[in-house]
Amino acid sequence: MTSMLAFLAPWEFSPTVLLACLGAGALYLRGAARLRRDGRPVGAWRGIAFFAGLTLAYLVLQTHYDYLAQHVFWVHRLQHLILHHLAPLLIVLATPHEVLGAGLPERLRERVLRPLWFSAPVRAVYRTLQQPWIASALFVGLIYFWLIPDIHLYAMLSVPLYNLMNWGMLVDGLLFWWLIVDPRPVAAYGTPGHVTRIAMLWLVMLPQIALGAYIALSTHDLYTVYGLCGRPWPISPLTDQQIGGLITWIPAAMMSVVGGLIVLRLWVRAGAGAGRRWGGVRREVCGA
Amino acid sequence: MAAAGGRAAWVAALSALLLAGCSARDRGWRTTDISGIMPPLKFTLTDSKTGGVVNAHDFRGKVVLLYFGYTHCPDVCPTTLADLAAALRELGARARDVRVLFVSVDPARDSAAVLKEYAAAFGPEVIGLRGDSEELHRLTRRYRVTYGYGRPDAHGDYEVSHSSAVYVFDTRGEVRLLARPTDRPADLAHDLGRLIAEG
């Protein structure tokens, strides 16, 4: 029990992570309460998805899990699978932007954040990053970049770079998966079309498979930093690398399949909506 | 002060990234340049030779090589220490400005006497240091290294998983280089010579 509690204590305490997670959680609860008062209650599963994603991100960043992630390659790859794929997907599946917005103090929201969000520079940056092809290239590019062995060495030695890497993964994950699961209608909001979304998922899946396979099947130690800095228990470097490669290869690629199923569901729903409208029109025609 | 330190760390980290993008050897170092991306040398440990407490200040003015290992180590530690000793021999008289700090990560088996004798075998510049688990923990964490113990066999012997990096600090205690077990002693001697010349 005490060792469990010790494990849950932060390895390297970060006020940024703590405040970001607590702040997001508090905003969500406050927003959900306000929406309920206004007669627009938020579905329970959305809250569950949001808090599951938030908790996962917190756990891999702010417990002794992070100690293991700093010293064992496969634990690090699992950390990034959670930070870049699973946690952000769960968070955006909850479509939390309305709830979080409702949770903000009204003045702050209306006078500061809304004008800032709709200001030309912020819109320009966001629109550029959220072009489907740029977002896909960025998603894969970040994975490749931090896995260049020399870059990986510096990222594991330097605290600021390590934090930049992990934060970058989480923020990019939120941006990418939001494009994929954004439920707002394609025509009205300029969100990517369903075919485009599936193409994006394919586009990011293939290079992850290639990189994961390359790492898993490599017969020499690519990421020497783990040997240089020591592992917390005797595990052979190649075994560590093979497991890490498999995590980059299979579950990461499977996340594209999961994303694809979600897109199909959105597509069917959009089609069903349109079908009902057409059906209605047909009935009217028949009735006439 | 803390903010300025943070900013300096960022600048160093980002320039390290750019360097890694081109080549870490651009500045003429033959081992890996890690200037500024880790904090300056700081520790409090027990010198196995004198039994006295030593800290980083006692080594100001020397180029310091920091290495973690254990005396029962079957291969990596003796090979690395032999390579360091070979690099020091190449430096000749200039080796007097260098200290190799061999920090034991197995203090249960490495008594002061054992450690003293082991370190001395590699040369007068090699100093065996011991610490309690708290001191050891602080130091290994500061340099983002770790260690762990395997399951003991029938004789009570166990494997220790530890780091193989040698961190090199300049005479002011700032971190400068990372030497790997695969680096040649001649290359390390070259870089140490440059650091000694910097003063």
Side-chain angles (χ1 to χ4, degrees), chain A residues 6 9-16 64-76 141-142 144-168 220-240, chain B residues 5-25 31-39 67-70 74 76 80 103 105 137 140-151 158-167 175 177-183:
Chain A
W11 171 247
E12 270 166 354
F13 172 66
S14 155
T16 324
H64 278 50
Y65 180 90
D66 186 48
Y67 159 71
L68 296 176
Q70 287 179 21
H71 294 293
V72 186
F73 179 66
W74 74 259
V75 182
H76 154 77
L142 274 184
Y144 272 66
F145 177 77
W146 292 111
L147 282 174
I148 297 169
D150 278 353
I151 305 274
H152 200 74
L153 175 92
Y154 286 114
M156 292 321 243
L157 292 180
S158 152
V159 178
L161 275 187
Y162 182 76
N163 292 336
L164 177 70
M165 169 175 77
N166 285 345
W167 270 106
H220 66 280
D221 190 7
L222 294 169
Y223 301 103
T224 51
V225 66
Y226 298 92
L228 288 169
C229 289
R231 292 179 167 87
W233 68 86
I235 168 178
S236 110
L238 280 186
T239 310
D240 186 8
Chain B
R7 210 159 32 241
W10 269 105
V11 170
L14 290 175
S15 51
L17 256 197
L18 289 176
L19 267 180
C22 319
S23 160
R25 289 159 200 254
T31 58
T32 308
D33 181 2
I34 57 164
S35 299
I37 74 167
M38 300 198 110
Y67 180 60
F68 300 89
Y70 66 116
V76 184
T80 303
V103 179
V105 293
H137 180 73
T140 51
R141 192 169 148 146
R142 187 174 176 88
Y143 295 102
R144 292 175 93 73
V145 300
T146 193
Y147 53 94
Y149 306 109
R151 219 180 281 281
Y158 48 89
E159 200 186 334
V160 178
S161 160
H162 65 98
S163 55
S164 63
V166 178
Y167 291 106
V175 72
L177 302 167
L178 183 149
R180 305 158 185 259
T182 47
D183 287 330

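Below, read A as the first sequence line, B as the second, and so on, with proteins coming before strands; counting in each chain starts at 1.
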Participant: Working to the nearest 0.5 Å, report the span between CG of B:L178 and OH of A:Y154.
Facilitator: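 OH of A:Y154 is found 8.5 Å from CG of B:L178.
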Participant: Closer than 3.5 angstrom, by distance alone: can the side chain of B:T146 be matched with the main-chain N or O of A:P232 as a donor-acceptor pair?
Facilitator: no
Participant: Tell me, side chain or backbone of A:I235 under 4.5 Å from chain B's heavy atoms, or both, or neither?
Facilitator: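 For A:I235, no heavy atom lies under 4.5 Å from chain B.
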Participant: Once rounded to the nearest 0.5 Å, what's the spacing between atom CZ of B:R141 and atom OH of A:Y67?
Facilitator: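 The OH atom of A:Y67 is 10.5 Å from CZ of B:R141, to the nearest 0.5 Å.
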Participant: Checking the side chain of B:R144 only, and the main-chain atoms of A:M156 only, is there a donor and an acceptor separated by less than 3.5 Å?
Facilitator: yes
Participant: Among B:P39, B:G150, B:G148, B:S164, which residue forms the greatest number of heavy-atom pairs with chain A at distances under 4.5 Å?
Facilitator: B:S164
Participant: Work out which heavy atom in B:S161 is nearest to a heavy atom in A:P234; give both atom names and the distance.
Facilitator: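 Reported closest heavy-atom pair: CB-N, 3.7 Å.
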Participant: Taking side chain to side chain donor-acceptor pair (under 3.5 Å) as the definition, give me every residue that meets it alongside A:T224, ordered by chain and number, with sequence neighbours left out.
Facilitator: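 Checked A:T224 against side chain to side chain donor-acceptor pair (under 3.5 Å); matches are B:R180.
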Participant: Quick one: pull up CZ in B:F68 and SG in A:C229 and give me the separation to the nearest 0.5 Å.
Facilitator: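 B:F68 atom CZ to A:C229 atom SG measures 9.5 Å (nearest 0.5 Å).
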Participant: Measure the CG-OG1 distance between A:L157 and B:T32 for me, rounded to the nearest 0.5 Å.
Facilitator: 9.0 Å
Participant: Can you list the residues that meet the side chain to side chain donor-acceptor pair (under 3.5 Å) rule with A:Y226, with sequence neighbours excluded?
Facilitator: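 Testing A:Y226 for side chain to side chain donor-acceptor pair (under 3.5 Å), a comparison that skips the adjacent residues, returns A:H152.
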